[in-house]
Chemist: 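What follows is a single structure, and I will ask about it in a moment.
Residues: numbered from 1 along the sequence shown.
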Amino acid sequence: RVRGGDVLSRTPAQHQAARERLLRPWQATLILGAPARGVVVSDLEVEVPADEPGGREGVPVRVYRPRARPDLPAGPLPLVLNAHGGGWVHGNLQQSDWLCSHVADRVGAVVVSVDYRLAPEHPAPAAVADCWAVLRALLGLAGPAPVPGVDPDRAAVMGDSAGGNIAALLALRHRDAVRAGGEGGEGGEGGEGVPTAPLRLQVLIYPAVDLTLASPSIAARPHAPVLPAANIHGFRQLYLQGGVAPDDPSVSPLLVADHTDVAPALVTTTDLDPLEDDGARYARVLRDAGVPVRYTCYHDVPHGFMSIPGPAPMARQGLAEIVHELRAAFA
């Protein structure tokens with residue numbers, strides 16, 4: 001946990017040290033959970049086009065691929081792109097190892113977790129730009145796909161907290177790209193650089209979707225465990241210090257004018273989380289737009305519980321729900 005005052009008082013070097021602080025294997029297993037044994041994990045850099053807006057030459061990712069087994073069908077596997085949490089300022093790939101590896105193993109999908117750039121060194125829109133560039137590359141929309149054996153027509157996005165914000169924005173961007181292709185936009189329908197199939201699912205785990213911080217639960221829980229109000233305001237200030245306004249739809253997916261045709265959603269929240277109303281409000285907005293939504297509020301667990309299955313056994317129920325929804329979406 002980061003104490004409230006530390007978010008804004010830390011120097012860039014201190015932020016970087018916090019991001020790179022990894023738990024020892026026994027600590028990670030005890031707190032973050034043991035990764036699934038039935039997957040092969042590899043780290044690589046995804047090359048992205050130099051002209052990607054706000055992009056960079058290479059984005060580090062971690063790939064979780066299920067080992068060959070009789071129940072897995074021959075041919076390409078579904079793809080899940082994951083964005084970790086951490087307030088766009090902290091977080092690393094280790095904290096998502098348990099979730100991503102078990103999703104890969106139980107769903108039978110290739111999961112790719114993105115080590116996107118973080119604020120304050122890289123404020124908005126760097127995080128979303130990195131994840132969008134990786135998603136386009138994985139789908140083969142920017143040259144040969146860097147991860148072989150994935151089915152671009154069966155893809156989903158997933159993220160928790162700040163990563164849920166990114167996943168929601170990716171789903172909207174992908175929707176817009178599919179629409180542009182269908183309307184004869186750049187590349188034409190089915191042309192290079194344009195996706196032809198919609199995303200199958202967006203998994204939004206206690207997402208931050210309104211950076212104006214208008215959700216009543218934020219004001220009602222100023223001293224919430226894990227994510228007190230001081231941290232929420234500090235993270236937002238660092239993430240938006242490049243000049244993007246909190247009500248800009250490019251950072252607040254709740255405030256996008258049109259949510260029709262976006263991917264079906266699984267939205268999960270908790271009743272101890274100041275972001276509970278963010279998730280509940282977004283689920284309502286999606287439903288009102290005709291988007292299929294499954295919404296679940298978990299009880300008596302704090303924000304971030306899906307990253308700590310050791311002290312929060314309820315994370316296993318959350319994992320089972322995610323696996324069920326992804327399997328149905330990819331069927």
Side-chain angles (χ1 to χ4, degrees), residues 53 78-83 109 112 114 116 124-125 127-136 138-139 141 151-183 185-187 189-190 193-212 214-215 247-269 275 277-296 321-322 324-331:
L79 168 71
V80 180
L81 182 138
N82 178 72
V112 179
V114 184
Y116 55 85
V128 178
D130 283 357
C131 293
W132 176 241
V134 169
L135 179 60
R136 285 176 49 82
L138 294 172
L139 296 179
L141 303 177
D151 183 354
D153 291 339
R154 290 188 296 160
V157 291
M158 176 173 72
D160 63 295
S161 192
N165 169 282
I166 294 171
L169 291 168
L170 292 179
L172 288 160
R173 280 198 180 192
H174 191 278
R175 184 272 316 264
D176 292 344
V178 171
R179 282 180 172 175
E183 295 168 0
E186 182 181 352
E189 185 172 6
V194 178
T196 57
L199 292 177
R200 296 293 185 94
L201 189 70
Q202 50 179 323
V203 179
L204 310 180
I205 306 167
Y206 31 80
V209 294
D210 178 8
L211 270 61
T212 69
S215 288
D247 62 354
D248 191 317
S250 69
V251 295
S252 291
L254 183 75
L255 304 182
V256 170
D258 176 18
H259 292 86
T260 59
D261 301 326
V262 75
L266 168 62
V267 183
T268 66
T269 62
L275 296 182
D277 289 343
D278 266 36
R281 291 168 64 206
Y282 200 57
R284 287 195 297 270
V285 164
L286 293 177
R287 283 196 185 116
D288 289 345
V291 177
V293 178
R294 178 184 175 97
Y295 171 74
T296 305
E321 183 179 31
I322 292 169
H324 178 272
E325 292 300 306
L326 282 169
R327 281 177 175 172
F330 291 145

Chemist: Listed by chain and number, what are the side chain to side chain contact (heavy atoms under 4.5 Å, CB included) partners of Ala124, not counting sequence neighbours?
Modeler: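 Once residues adjacent in sequence are excluded, the partners of Ala124 under the side chain to side chain contact (heavy atoms under 4.5 Å, CB included) criterion are Tyr239, Leu240, Val244, Val251.
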
Chemist: Under the side chain to side chain contact (heavy atoms under 4.5 Å, CB included) criterion, do Phe330 and Val80 qualify, and how do the steps go?
Modeler: CA-CA 10 Å; Phe330 291 145; Val80 180; 3.9 Å; yes

Chemist: Compile the donor-acceptor pairs under 3.5 Å between side chains in residues 283-293 and protein atoms, sequence neighbours left out, one pair per line.
Modeler:
none

Chemist: With side chain to side chain donor-acceptor pair (under 3.5 Å) as the rule and sequence neighbours excluded, what pairs involving residues 251-263 come up?
Modeler: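 Every side chain to side chain donor-acceptor pair (under 3.5 Å) pair that includes a residue of residues 251-263, provided the two are not neighbours, is Arg179-Asp258, Arg179-Thr260, Arg179-Asp261, Asp258-Thr260.
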
Chemist: Asp210: what forms a salt bridge (charged side-chain N to carboxylate O under 4.0 Å, His left out) with it, not counting sequence neighbours?
Modeler: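 Expected list: Arg281.
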
Chemist: Please identify each residue that fulfils side chain to side chain donor-acceptor pair (under 3.5 Å) with Arg154, with sequence neighbours left out.
Modeler: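 Here the qualifying residues are Asp151.
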
Chemist: After noting the C-alpha distance and the side-chain angles of His174 and Leu139, does the key distance pass the side chain to side chain contact (heavy atoms under 4.5 Å, CB included) rule?
Modeler: CA-CA 11 Å; His174 191 278; Leu139 296 179; 3.7 Å; yes

Chemist: Nearest 0.5 Å please: distance from the CG atom of Leu326 over to the CZ atom of Arg200.
Modeler: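 Answer for the CG-CZ pair, Leu326 versus Arg200, is 11.5 Å.
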
Chemist: Between Glu321 and Thr268, do the side chains contain an N or O donor and an N or O acceptor separated by less than 3.5 Å?
Modeler: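 Looking only at side-chain atoms, Thr268 and Glu321 do not form any donor-acceptor pair under 3.5 Å.
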
Chemist: Just by modelled atom types, is the Ala208 backbone N or O under 3.5 Å from a matching donor or acceptor in the Asp278 side chain?
Modeler: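 Not confirmed, Asp278 side chain does not pair with Ala208 backbone.
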
Chemist: Which residues pass the side chain to side chain contact (heavy atoms under 4.5 Å, CB included) test with Ala167, sequence neighbours left out?
Modeler: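 With neighbours one apart ignored, the set is Val157, Leu204.
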
Chemist: Under the rule for side chain to side chain donor-acceptor pair (under 3.5 Å), what residues qualify as partners of Asp160, not counting sequence neighbours?
Modeler: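 For Asp160, no residue satisfies side chain to side chain donor-acceptor pair (under 3.5 Å) once neighbours in sequence are set aside.
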
Chemist: Starting at CG of Leu255, measure out to OG1 of Thr212 and round the result to the nearest 0.5 Å.
Modeler: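 Spacing of CG (Leu255) from OG1 (Thr212) equals 6.0 Å.
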
Chemist: Taking salt bridge (charged side-chain N to carboxylate O under 4.0 Å, His left out) as the definition, give me every residue that meets it alongside Asp176, ordered by chain and number, with sequence neighbours left out.
Modeler: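 Partners of Asp176 by the salt bridge (charged side-chain N to carboxylate O under 4.0 Å, His left out) criterion come out as none, since no residue qualifies.
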
Chemist: List in chain and number order the residues that pass side chain to side chain donor-acceptor pair (under 3.5 Å) with Arg327, two or more places apart in sequence or in another chain; answer none if no residue qualifies.
Modeler: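 None.
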
Chemist: Which residues pass the side chain to side chain donor-acceptor pair (under 3.5 Å) test with Asp248, sequence neighbours left out?
Modeler: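 Side chain to side chain donor-acceptor pair (under 3.5 Å) list for Asp248, sorted by chain: Ser250.
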
